[in-house]
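Order of the sequence lines sets the chain letters (A, B, ...), proteins ahead of strands, with each chain counted from 1. What you see below is based on every heavy atom in this structure, not just the backbone, and it leaves out hydrogens, waters and symmetry mates.
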Amino acid sequence: MIEAAHITKWYGPTLAVDDLSFSIPKGKIVGFLGPNGAGKSTTLRILTGYLPPTAGTATVAGHNVTKAAESARAAVGYMPENNPLYLEMRVEEFLQFRAKLFRLDKKTTSERIDTVCDRCGLSQLRRRVIGHLSKGNRQRVGLAQALLHNPKVLILDEPTAGLDPIQIVEIRKFLEELRNDHAILLSSHILAEIEKVADRIMIIRKGKMIADGTVDDLRGKAKGGSRVTVETQAEPSAVKSKLEKVAGVARVETSSAAGWCRAEITPKGEGDVREKVLAAVTAESWPTRGVGQRQVSLEDYYMQVFREMDEAEHKKEAKAT
Amino acid sequence: MRHTLTIAKRELLSLFYSPIGYVVLGLFSFGAAIVFARSFEPGAPATLREPFQFTAYFLIFLAPAISMRLISEENRSGSIELLVTAPVADSAVVLGKWVAALTFFLTLLTPFVVFWIVYLFTAKPMPDWGPFISGMVGLMLVGGFYLAIGTFTSALTNNQTIAFLIGVFIICALTFLMEYLPRQLSLAPKYQKLMFAIDVNRRYADFARGLIDLTHVVYFASGSMLFLFLAGMIVQSRRWR
């Protein structure tokens with residue numbers, strides 16, 4: 001549905017997007033991550049036809065965004081950064097205006113407005129002036145206009161920016177409902193959010209793709225992997241030597257507090273060692289409370305990648321000088 | 001074309017939603033009425049020449065005030081992005097905005113129709129229709145031209161005030177500067193002639209007198225097209241900047 005092939009964008013002497021290639025099929029939600037100024041919005045603007053790429057090609061729903069600009073734009077629903085709307089208009093008026101721009105006929109227009117208002121929770125607010133709505137409701141209007149012409153591709157630039165936790169959950173549910181019929185590309189700063197909703201994540205840094213994969217792929221790449229913890233009443237040194245012999249365990253660190261020994265176990269590779277760990281401690285008849293696993297979050301991976309890259313760059317610079 | 005009208009309709013709506021629309025409407029009607037009342041006396045000729053001339057001068061500020069927000073506001077809020085990522089041509093955006101501003105300006109001219117009706121009922125002999133019609137046509141042409149300039153300056157920036165000031169400056173250059181420079185400087189006659197030819201007020205004076213000169217019509221129409229074209233180029237310039 002969305003294909004980008006080697007897209008590059010220069011703003012004068014500044015390189016904003018550097019040879020990005022990716023492909024997003026129907027039915028997928030892809031999260032687009034990166035720090036401010038990494039080129040996320042520029043990439044989205046290229047895909048929506050707002051800006052042409054300096055080099056490379058982008059196609060949405062089979063239409064080249066520069067050569068078949070109008071049909072490409074008709075296939076995309078777009079919510080730009082900061083969700084700009086005409087604040088003086090009423091919700092319904094605004095949606096009617098957008099419908100005309102997308103050449104929907106009268107019957108389709110009224111049907112679609114009913115549908116999107118219903119879906120975005122705007123049915124009670126149709127006659128309200130947009131400028132009088134709360135930020136969350138304006139966000140709904142932004143989503144409603146993006147969905148109005150039933151586009152195959154949805155491109156949302158920070159759809160959850162500035163929303164409260166309840167509203168963020170609503171948007172997430174909403175995107176999940178839309179997943180089946182659309183290809184969705186959304187950018188965000190909120191890693192925890194993206195982690196929950198996206199099937200796949202692309203991370204860019206200084207215009208370059210530095211990671212592209214499913215949430216699990218990226219978590220797996222994080223150093224350290226997941227950790228298993230167990231708390232038992234026994235000598236820490238005994239616990240350590242016992243657990244280190246369990247198959248699949250790479251390393252054990254122990255600490256004790258109030259008579260309990262807490263062991264943190266780093267497994268070898270991806271395997272789940274909880275069962276074996278539990279079997280080992282019960283075989284010794286040590287009183288045990290709780291075996292747990294701490295998942296590495298996307299944030300761990302994100303921070304790690306950026307720290308490594310920054311350090312590498314500093315070293316390079318230091319060498320050069 | 002359909003998109004142009006759709007955009008024009010929306011723009012007109014927001015012109016009438018904004019307080020500045022009514023301020024402009026009120027101030028203009030007030031000014032025109034005062035000028036009309038001064039020329040409305042026994043024995044005086046029943047023409048609207050003076051209010052027409054007044055309007056031509058007033059338009060120097062009025063037109064940029066109407067047009068200053070057209071595109072600059074879209075640039076500022078970012079809604080331009082939403083507008084041009086719909087399957088709409090950039091030219092339809094510019095043209096639609098200008099049509100809206102022109103329509104708003106034409107509603108400003110309703111006081112003239114009222115003044116004219118007053119003359120029709122009070123003046124003897126019947127006033128001459130010719131100068132009224134030519135004066136109105138002239139105002140539309142000058143208004144269209146100035147609003148095209150205003151649309152262009154509005155596309156240049158995301159600040160309404162700057163758009164207004166640059167607009168006033170350009171229009172002043174096309175009126176006062178062209179009127180006074182040739183007199184103040186001892187220029188070669190061909191340059192003098194050129195400057196007089198550019199002077200908008202000199203051309204409008206003919207309309208106010210009752211003369212529709214085709215060269216004036218061509219001047220205003222092509223001037224409007226030039227600035228609308230430039231505005232289109234500015235909107236499009238994001239693509240190659």
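- Between the side chains of A:Tyr11 and A:Thr42, at least one donor N or O sits under 3.5 Å from an acceptor N or O.
- Of the atoms belonging to A:Arg103, heavy atoms from both backbone and side chain fall under 4.5 Å from chain B.
- Put simply, of B:Ser79, B:Ala89, B:Ala92, the one with the most heavy-atom pairs under 4.5 Å next to chain A is B:Ser79.
- The backbone N or O of A:Gly27 sits nowhere less than 3.5 Å from a side-chain atom of A:Asp181 that would complete a donor-acceptor pair.
- Comparing B:Thr6, B:Val88, B:Val84, B:Leu82 by how many heavy-atom pairs each has under 4.5 Å with chain A, the most go to B:Leu82.
- Annotation: A:Tyr50 is not in aromatic contact with A:Tyr78 [ring centroid separation under 6.0 Å not met].
- Here the options are B:Ser72, B:Ser67, B:Pro64, the test is side-chain contact (heavy atoms from CB on, under 4.5 Å), and the partner is B:Ser154; only B:Ser72 passes.
- Side chains of A:Asp118 and A:Thr115: a donor-acceptor N/O pair is absent below 3.5 angstrom, by distance only.
- With a threshold of 4.5 angstrom between heavy atoms, A:Gln145 approaches chain B through side-chain atoms but not through N, CA, C or O.
- Among A:His149, A:Met79, A:Arg98, A:Met89, the residue with the largest count of heavy-atom pairs under 4.5 Å with chain B is A:Arg98.
- Counting heavy-atom pairs closer than 4.5 Å to chain B, the top-ranked of the candidates A:Gly142, A:Ala74, A:Ala146 is A:Ala74.
- At a 4.5 Å heavy-atom cutoff, the contact between B:Glu74 and chain A is made by side-chain atoms alone.
- Ion pair A:Glu93/B:Arg10 not flagged as a salt bridge, since none of the NZ, NE, NH1 or NH2 atoms sits closer than 4.0 Å to an Asp/Glu carboxylate oxygen.
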